[in-house]
Participant: 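Structure below; questions to follow.
Please read all numbers here as calculations on a predicted model, not as lab measurements. The chains referred to below are lettered A, B, ... by the order of the sequence lines, with proteins before strands, and numbering in each begins at 1.
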Amino acid sequence: MANEMAKAYEARLVEDGIYNSWLTSGYFTPENLPNVTDSTEAFTVVMPPPNVTGVLHLGHALENSLMDAMARYQRLLGKKVLLIPGTDHAAIATQAKVEKKLMSEGVKNPRQELGRDALVEKIREFAEGSKATILKQVKKLGTSADWSRLAYTFDDKRNVAVNELFTRMYSDGLIYRGYRVVNWSVKGQSTCSDDEIETIERESVLYTFKYGKDFPIAISTTRPETKVGDTAVAVHPTDDRYKAFIGKTFDVEFAGAKLSIKIIASEDVDPSFGTGALGVTPAHSAIDFGMYEVQKAKQDPIEITQVIGADGKMTADAGSVAGIGFEAARESIVAWLKEQSLLEKEEKVVQNVGTSDRYGDVIEAIPMTQWWLNVNKMIPNRGKTLRDLMREAVTTGLDGKSDQKVSITPDRFTKLYLDRVENLRDWCLSRQLWWGHRIPAWYRGEEIVVGPKPEGDGWIQDEDTLDTWFSSGSWTFSTLGWPEQTTDLKNYHPTHWIQMGYEILYLWLMRMILMSTYALNQIPFKDAYIHGILRDKDGKKFSKSSGNGIDPIEVIEEYGCDALRISVLSGNTPGNDSRYYTEKVEAARNLVNKLWNISRFIFTNADGARHIESVTPKTLADKWILARFSETTKKVSSLIDRYDFSLAIEVLRDFTWNDFADWYLEIAKIEKEKDDVLLYILERLLILWHPFAPFVTEEIYKNFDSGMIIVAKWPAVEYELSSEDQSAFEQVCSTVIAVRNYLSEHKTLPKDVESITMVNAGALAEMESIIGGLTKVRSIRSSNERPESITPIVVGAAQIFVQLPSVDAASEKVRIESGIAEATKFIAAQESKLANADFVARAPEKVIAGERQKLADLQEKLAALQKEHAALL
RNA sequence: GCGCGCAUAGCUCAGUUGGUUAGAGCGUCACAUUGACAUUGUGAAGGUCUGUGGUUCGAGUCCACAUGCGCGCACCA
């Protein structure tokens with residue numbers, strides 16, 4: 001068995017086989033886990049469903065590493081772990097992607113040329129292809145997801161949930177149909193929500209002009225073409241320049257359009273900006289539309305005139321520019337203003353404009369009748385609004401219940417979330433797209449019915465589909481069978497933990513909280529871990545356009561999945577971006593291989609592996625390593641408990657490579673008969689590594705014949721080290737290091753050393769053979785008599801005499817003197833610290849005692865060095 | 001404009017509640033090596049923790065201000 005282990009770990013030869021063995025075991029399904037009962041604590045994680053717009057990238061490798069590490073850790077703790085896998089139909093993103101693809105293949109206008117059914121079919125084909133690839137990739141990443149519960153945001157079950165949710169919200173009066181200004185993408189021919197807009201900076205011209213020669217007030221705008229739709233001018237109510245005009249209406253012919261402009265007062269107008277007067281275009285600005293509604297409420301209405309159409313062209317009401325594109329219209333209007341000498345000023349400004357994050361074009365504000373979700377309306381029988389629910393969920397907990405509180409890591413995102421909640425506007429739900437859940441609304445003449453198709457003839461379903469986040473918002477419970485009252489829902493919801501990138505905090509996290517608190521009166525998850533973006537080595541985002549994309553599957557093929565997982569998790573802290581480096585993956589691969597070779601060595605020596613239930617330490621080194629292992633177990637547990645994956649890996653690496661391999665395994669070669677201790681630690685160390693390196697640990701674990709590591713038991717903390725033993729072992733280590741250092745300084749190989757004599761060795765005396773073995777010096781003894789004419793190394797109270805073939809007395813003097821100088825410096829620092837009366841009076845006893853001990857040790861060392869110095873002279 | 005984050009070794013980053021002479025990985029330099037591992041071992045060099053003030057017995061850590069970089073939200077008049 002032992003000699004079957006290859007010299008190096010070759011991930012690609014074993015990973016697929018291991019994943020299949022997990023699938024066969026059934027352990028990804030929580031009900032199949034050994035020893036679970038109804039009362040076993042559950043731990044649920046939903047996978048943020050990857051979009052079926054394409055294949056997985058490195059960011060997904062980070063996501064899967066995070067959530068799978070968490071799931072595997074919880075499983076090892078004995079919990080009933082459910083990780084729900086799935087994919088997202090990503091309505092607008094996928095349709096945009098397929099349309100683009102079709103257009104590149106020569107289909108000029110896919111919607112027109114193919115029609116609804118054929119286009120949807122094309123998108124479905126594409127989506128199914130991506131989905132299959134994605135699911136394969138998720139498996140390659142080692143994700144321990146329950147495939148029997150695989151979900152898709154656009155499958156039949158999720159459609160039932162979406163329709164039910166929409167219908168309930170409608171009958172609760174939260175969803176309404178309303179005529180309002182929407183965000184419109186001309187290119188996508190659809191609305192989008194406030195969250196789907198990306199603002200970009202661009203240069204623009206701010207024009208200041210008057211509507212007509214007799215018009216008393218000048219206004220400024222960057223969008224002259226919309227001014228044919230102006231119906232008012234707003235001024236600040238206290239502005240003395242314009243006060244007198246408030247309430248008056250001026251009729252003016254502006255570029256062929258007959259405008260009726262009412263002067264209104266609004267607190268929102270900044271008197272110091274431009275002319276202090278604002279041309280109000282209710283149809284093409286959300287702010288102006290707000291003024292329109294305020295005026296309506298005040299019973300002092302202003303008109304609304306739509307001058308830009310959904311096709312991006314000026315409407316028939318646009319006067320002389322009717323029918324032309326808005327960009328041409330702008331030029332035309334500016335030319336007209338110049339001709340009429342109405343233009344007073346032109347200045348270059350930098351402005352931020354919103355663009356569609358999927359189609360890339362500038363978003364137009366256009367008034368339309370759409371479906372909206374009202375966040376400010378009282379929910380019947382709840383006495384709260386959706387906004388209230390979203391706020392409660394992260395502050396007091398729902399209805400003040402602390403077990404219904406979402407906590408966000410890192411905490412700073414809570415504040416961002418809350419700011420957004422307070423500024424939330426009604427959510428536009430309807431999209432003029434074809435790929436997505438069709439809105440469950442039915443029309444017959446004036447009648448509207450929401451829900452399943454009504455009885456009778458002549459009902460026509462709404463053409464529009466739902467914002468994709470409507471379905472992903474219900475992900476935590478739609479995947480568990482809602483709206484049916486399933487046992488899954490009872491057992492696994494609220495889910496326990498979720499991870500996501502900060503870029504979808506508003507889009508997804510917020511909506512999951514909204515949906516779950518509304519539909520179930522439960523939070524969707526208890527803990528949300530927010531991670532940053534994985535960037536390339538130069539700190540740039542991975543993207544197709546920059547051509548810096550890296551296929552995680554290729555990395556896995558070359559370095560192994562475990563190496564990839566470790567490399568993306570180490571150095572990654574909550575909420576912060578991190579960089580991906582090939583060197584980092586190599587280092588992780590080396591680490592994985594180290595684990596492999598440690599095992600190979602132990603198995604070879606122990607003649608195979610066996611489970612060791614408990615072990616009694618025989619030597620100081622045994623006591624030390626067992627205690628170090630216990631300490632490591634404790635640390636790793638608490639680090640994962642607080643989502644510090646990076647540090648957990650560092651602690652594990654440090655123990656594995658430094659303590660276990662470099663010290664203890666080397667000692668084991670000297671002390672011998674350590675099979676039990678080695679096997680005891682190795683088996684458990686593999687378990688600690690399993691969440692991060694599932695494949696290699698499972699592969700090595702096979703040797704133990706203890707079943708599969710995926711369902712092993714997280715190690716208990718069993719050993720401690722007395723402080724005497726601790727310092728004794730530390731002294732051994734410092735002695736070894738000091739000797740190695742000494743040899744290195746004297747450019748001498750250990751084999752050329754005659755002997756080492758330790759004088760005043762104390763506890764070191766018993767460790768002779770270890771010190772000799774670790775320094776590889778062939779002869780070592782402790783003695784009360786110091787050898788003649790050798791200057792020793794001083795380690796604590798002990799003097800170590802290393803017999804070299806030849807020694808340069810002058811350099812020995814320099815060595816001792818620099819030692820004295822260093823000790824003197826630190827003693828001075830210690831003394832001045834302890835001489836500070838305030839320090840002694842106010843610092844805690846423990847700190848002061850520590851400082852005193854430090855000083856005593858230094859003084860001891862200095863005395864010894866000075867003695868040697870005197871002897872030299 | 002409002003808000004947030006980051007600034008620590010050549011590079012990439014750690015650094016729980018303020019308490020040893022500030023750490024790791026990679027890289028660099030020197031040395032070693034036929035017994036688990038060159039995907040290795042040993043040793044070393046390398047930092048006034050962005051700056052200035054403050055709080056404190058004590059600050060990389062807390063506070064204020066400044067500088068640089070990144071991001072979010074508004075304002076799209």
Participant: Between G3(B) and U21(B), how far is it from one P atom to the other, in whole Å?
Facilitator: 39 Å
Participant: If you measure from the C1' atom in C49(B) to the same atom in A24(B), how many Å do you get, rounded?
Facilitator: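 The answer is 16 Å between these two C1' atoms.
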Participant: Side chains of N352(A) and T199(A): any donor to acceptor distance under 3.5 Å?
Facilitator: no
Participant: Provide, to the nearest angstrom, the distance between the CZ atom belonging to F603(A) and the C1' atom belonging to A36(B).
Facilitator: 12 Å
Participant: With both distances under 3.5 Å as the test, what is the Watson-Crick or G-U wobble partner of A9(B)?
Facilitator: none
Participant: Take atom CD of E583(A) and atom P of U28(B), then tell me their distance rounded to the nearest Å.
Facilitator: 11 Å
Participant: Give one of base, sugar-phosphate or nothing for R223(A), where a contact means two heavy atoms less than 4.0 Å apart.
Facilitator: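 If one applies the 4.0 Å heavy-atom cut-off, R223(A) turns out to touch nothing in the nucleic acid.
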Participant: Could you tell me whether I602(A) contacts a base, only the sugar-phosphate backbone, or nothing, with contacts defined as non-hydrogen atoms closer than 4.0 Å?
Facilitator: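 If one applies the 4.0 Å heavy-atom cut-off, I602(A) turns out to touch nothing in the nucleic acid.
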Participant: Test your reading of the model: is there a side-chain donor-acceptor pair from T231(A) to the backbone of I302(A), 3.5 Å cut-off?
Facilitator: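 Side chain of T231(A) to backbone of I302(A), a donor-acceptor pair under 3.5 Å: no, none is there.
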Participant: Side chains of F692(A) and R565(A): closer than 4.5 Å at any heavy-atom pair?
Facilitator: no
Participant: For the side chain of Q351(A), counting heavy atoms from C-beta on, which of G19(B), C76(B), U16(B) is nearest?
Facilitator: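 The answer is C76(B).
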Participant: Could you tell me whether the phosphate oxygens of C37(B), OP1 or OP2, come under 4.0 Å of any side-chain nitrogen or oxygen in K594(A)?
Facilitator: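 Result: no.
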Participant: Treat primed atoms plus P, OP1 and OP2 as sugar-phosphate and everything else as base, then score nucleotides 2-14 of chain B 5' to 3': B for base contact with protein heavy atoms under 4.0 Å, S for sugar-phosphate contact only, - for none.
Facilitator: -SSS-----SSSS
Participant: Without swapping roles, check the side chain of D654(A) against the backbone of E650(A) for a donor-acceptor pair under 3.5 Å.
Facilitator: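 Looks like no, no N/O pair under 3.5 Å.
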Participant: Classify the nucleic acid contact of L665(A) as base, sugar-phosphate or nothing, counting any heavy atom under 4.0 Å across all strands shown.
Facilitator: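 The answer is base, as L665(A) lies within the cut-off (heavy atoms under 4.0 Å) of a base atom.
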Participant: Quick check against the 3.5 Å criterion: does D195(A) have a side-chain atom that pairs as donor or acceptor with the backbone of Y506(A)?
Facilitator: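 No, because the side chain of D195(A) does not come within donor-acceptor range (under 3.5 Å) of the backbone of Y506(A).
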Participant: Counting side-chain heavy atoms from C-beta on, which of G19(B), C37(B), U21(B) comes nearest to F839(A)?
Facilitator: G19(B)
Participant: Output yes when at least one side-chain N/O atom of N590(A) is less than 4.0 Å from OP1 or OP2 of U40(B), else no.
Facilitator: yes
Participant: Rounding to the closest angstrom, what is the interatomic distance between G46(B) and G68(B) at atom C1'?
Facilitator: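 Straight-line distance between the two C1' atoms is 25 Å.
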Participant: Under 4.0 angstrom, heavy atoms only, what part of the nucleic acid is L206(A) near: base, sugar-phosphate, or nothing?
Facilitator: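 Sugar-phosphate, no base atom in range.
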Participant: Mind checking who G60(B) pairs with, Watson-Crick or G-U wobble, both distances under 3.5 Å?
Facilitator: none
Participant: Does the base of A36(B) carry an N or O that pairs as donor and acceptor with the side chain of E666(A) under 3.5 Å?
Facilitator: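 Pair found.
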Participant: Using the P atom as the point on both nucleotides, what is the distance between A9(B) and G60(B), in whole Å?
Facilitator: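 Per the computed distance, 15 Å lies between those P atoms.
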Participant: Categorize Y502(A) for me: base, sugar-phosphate, or nothing, with a 4.0 angstrom heavy-atom threshold over every strand shown.
Facilitator: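 No contact.
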Participant: Can you tell me, in whole Å, how much space there is between the C1' of G51(B) and that of A7(B)?
Facilitator: 11 Å
Participant: Does E851(A) reach a base, just sugar-phosphate, or nothing at all? Heavy atoms under 4.0 Å.
Facilitator: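 If one applies the 4.0 Å heavy-atom cut-off, E851(A) turns out to touch nothing in the nucleic acid.
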Participant: Pick base, sugar-phosphate or nothing for R589(A), based on heavy-atom distances below 4.0 Å to the nucleic acid.
Facilitator: base
Participant: What is the distance from CD of E586(A) to C1' of C37(B), rounded to the nearest Å?
Facilitator: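 E586(A) atom CD is separated from C37(B) atom C1' by 17 Å.
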Participant: Would you check if V847(A) and F839(A) make a side-chain contact, meaning some heavy-atom pair closer than 4.5 Å?
Facilitator: yes
Participant: Could you give the CG-to-P distance, from D607(A) to A36(B), as a whole number of Å?
Facilitator: 15 Å
Participant: Assess whether a salt bridge exists between R223(A) and E364(A), defined as any Lys/Arg side-chain N lying under 4.0 Å from an Asp/Glu carboxylate O.
Facilitator: yes
Participant: Do V233(A) and Y211(A) have side-chain heavy atoms sitting under 4.5 Å apart?
Facilitator: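 Yes, side chains in contact.
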Participant: Both distances under 3.5 Å, Watson-Crick or G-U wobble: report the partner of G35(B), or none.
Facilitator: none
Participant: Should the pair Y643(A) and Y529(A) be assigned to parallel (<30°), tilted (30 to 60°) or perpendicular (>60°) ring geometry?
Facilitator: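 Geometry flag for Y529(A) against Y643(A): perpendicular rings.
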Participant: Measure from the side-chain heavy atoms of I598(A) and tell me the nearest of A36(B), U20(B), C76(B).
Facilitator: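 Of all the options, the side chain of I598(A) is nearest to A36(B).
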Participant: For N658(A) and D194(A), find the nucleotide of RNA chain B closest to each by heavy atoms; which residue's nucleotide sits nearer the 5' end?
Facilitator: N658(A)
Participant: Is any side-chain N or O of W657(A) closer than 4.0 Å to OP1 or OP2 of A24(B)?
Facilitator: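 Answer no for this pair, as no side-chain N or O of W657(A) is under 4.0 Å from OP1 or OP2.
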Participant: Within this structure, what is the NE2-to-C1' distance between H284(A) and C76(B), rounded to whole angstrom?
Facilitator: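 Atom-to-atom, H284(A) to C76(B), this comes out as 15 Å.
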Participant: Using a 4.0 Å heavy-atom cut-off, does K669(A) contact any base of the nucleic acid, only the sugar-phosphate backbone, or nothing at all?
Facilitator: base
Participant: Please classify the nucleic acid contact of I363(A) as base, sugar-phosphate, or nothing, using heavy-atom distances under 4.0 Å.
Facilitator: base
Participant: Within less than 4.0 Å of OP1 or OP2 of G72(B), is there a side-chain N or O belonging to R420(A)?
Facilitator: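 Answer is no, no contact under 4.0 Å.
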Participant: Checking all strands, does I287(A) fall into the base, sugar-phosphate, or nothing category for heavy-atom contacts under 4.0 angstrom?
Facilitator: sugar-phosphate
Participant: Looking at the side chain of N352(A), which of U39(B), C75(B), U21(B) is the nearest nucleotide?
Facilitator: C75(B)
Participant: Which value, in whole Å, describes the distance between the C1' atoms of nucleotides G18(B) and U56(B)?
Facilitator: 9 Å
Participant: When the nearest nucleotide of RNA chain B is assigned to S744(A) and to P271(A) on a heavy-atom basis, which residue is associated with the more 5' position?
Facilitator: S744(A)
Participant: Sort out the partner of G72(B) for me: Watson-Crick or G-U wobble, both distances under 3.5 Å, none otherwise.
Facilitator: C2(B)
Participant: Between E586(A) and N590(A), does any side-chain donor sit less than 3.5 Å from a side-chain acceptor?
Facilitator: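 Side-chain D/A pair, E586(A) to N590(A): absent.
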Participant: In whole angstroms, how far is the P atom of C73(B) from the CZ atom of R425(A)?
Facilitator: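 Computing the R425(A):CZ to C73(B):P distance gives 12 Å.
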Participant: In whole Å, what separates the P atom of G15(B) from that of G53(B)?
Facilitator: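 It comes out at 28 Å once rounded to the nearest Å.
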Participant: Round to the nearest Å and state the distance from L591(A) atom CG to A24(B) atom P.
Facilitator: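 So the two atoms are 16 Å apart, to the nearest Å.
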Participant: Hydrogens and angles aside, do D194(A) and N183(A) bring a side-chain donor and acceptor to less than 3.5 Å of each other?
Facilitator: yes
Participant: Give one of base, sugar-phosphate or nothing for E422(A), where a contact means two heavy atoms less than 4.0 Å apart.
Facilitator: nothing
Participant: Between the main-chain N or O of E422(A) and the side-chain N or O of R387(A), is there a donor-acceptor pair closer than 3.5 Å?
Facilitator: yes
Participant: With both distances under 3.5 Å as the test, what is the Watson-Crick or G-U wobble partner of C65(B)?
Facilitator: G51(B)
Participant: At 4.0 Å (heavy atoms only), tell me whether P750(A) reaches a base, stays on the sugar-phosphate, or touches nothing.
Facilitator: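 Answer is nothing: P750(A) stays at 4.0 Å or more from every strand.
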Participant: Would you say Q830(A) reaches U20(B)'s phosphate, i.e. side-chain N/O to OP1/OP2 under 4.0 Å?
Facilitator: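 Q830(A) to U20(B) OP1/OP2: no side-chain N or O under 4.0 Å.
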Participant: If you check every side-chain atom of L749(A), which of G25(B), G19(B), C31(B) has the closest atom?
Facilitator: C31(B)
Participant: Rounded to whole angstrom, note down the P distance from G23(B) over to G70(B).
Facilitator: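 The same atom, P, in both gives a distance of 32 Å.
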Participant: To the nearest angstrom, how far is R600(A) atom CZ from U39(B) atom C1'?
Facilitator: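 Rounded to whole Å, this separation is 13 Å.
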Participant: Under 4.0 Å, heavy atoms only, any strand: does N836(A) hit a base, just the sugar-phosphate, or nothing?
Facilitator: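 Sugar-phosphate contact only - N836(A) comes under 4.0 Å of backbone atoms but never of a base.
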Participant: Using a heavy-atom cut-off of under 4.0 Å over every strand shown, decide if V592(A) touches base, sugar-phosphate, or nothing.
Facilitator: nothing
Participant: Should A14(B) form a Watson-Crick or G-U wobble pair with both distances under 3.5 Å, which nucleotide is its partner?
Facilitator: none
Participant: Find the partner of G46(B): check Watson-Crick (N1-N3 plus N6-O4 or O6-N4) and G-U wobble (N1-O2, O6-N3) distances, both under 3.5 Å, and reply none if neither fits.
Facilitator: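 Its partner is none (no Watson-Crick or G-U wobble pair with both distances under 3.5 Å).
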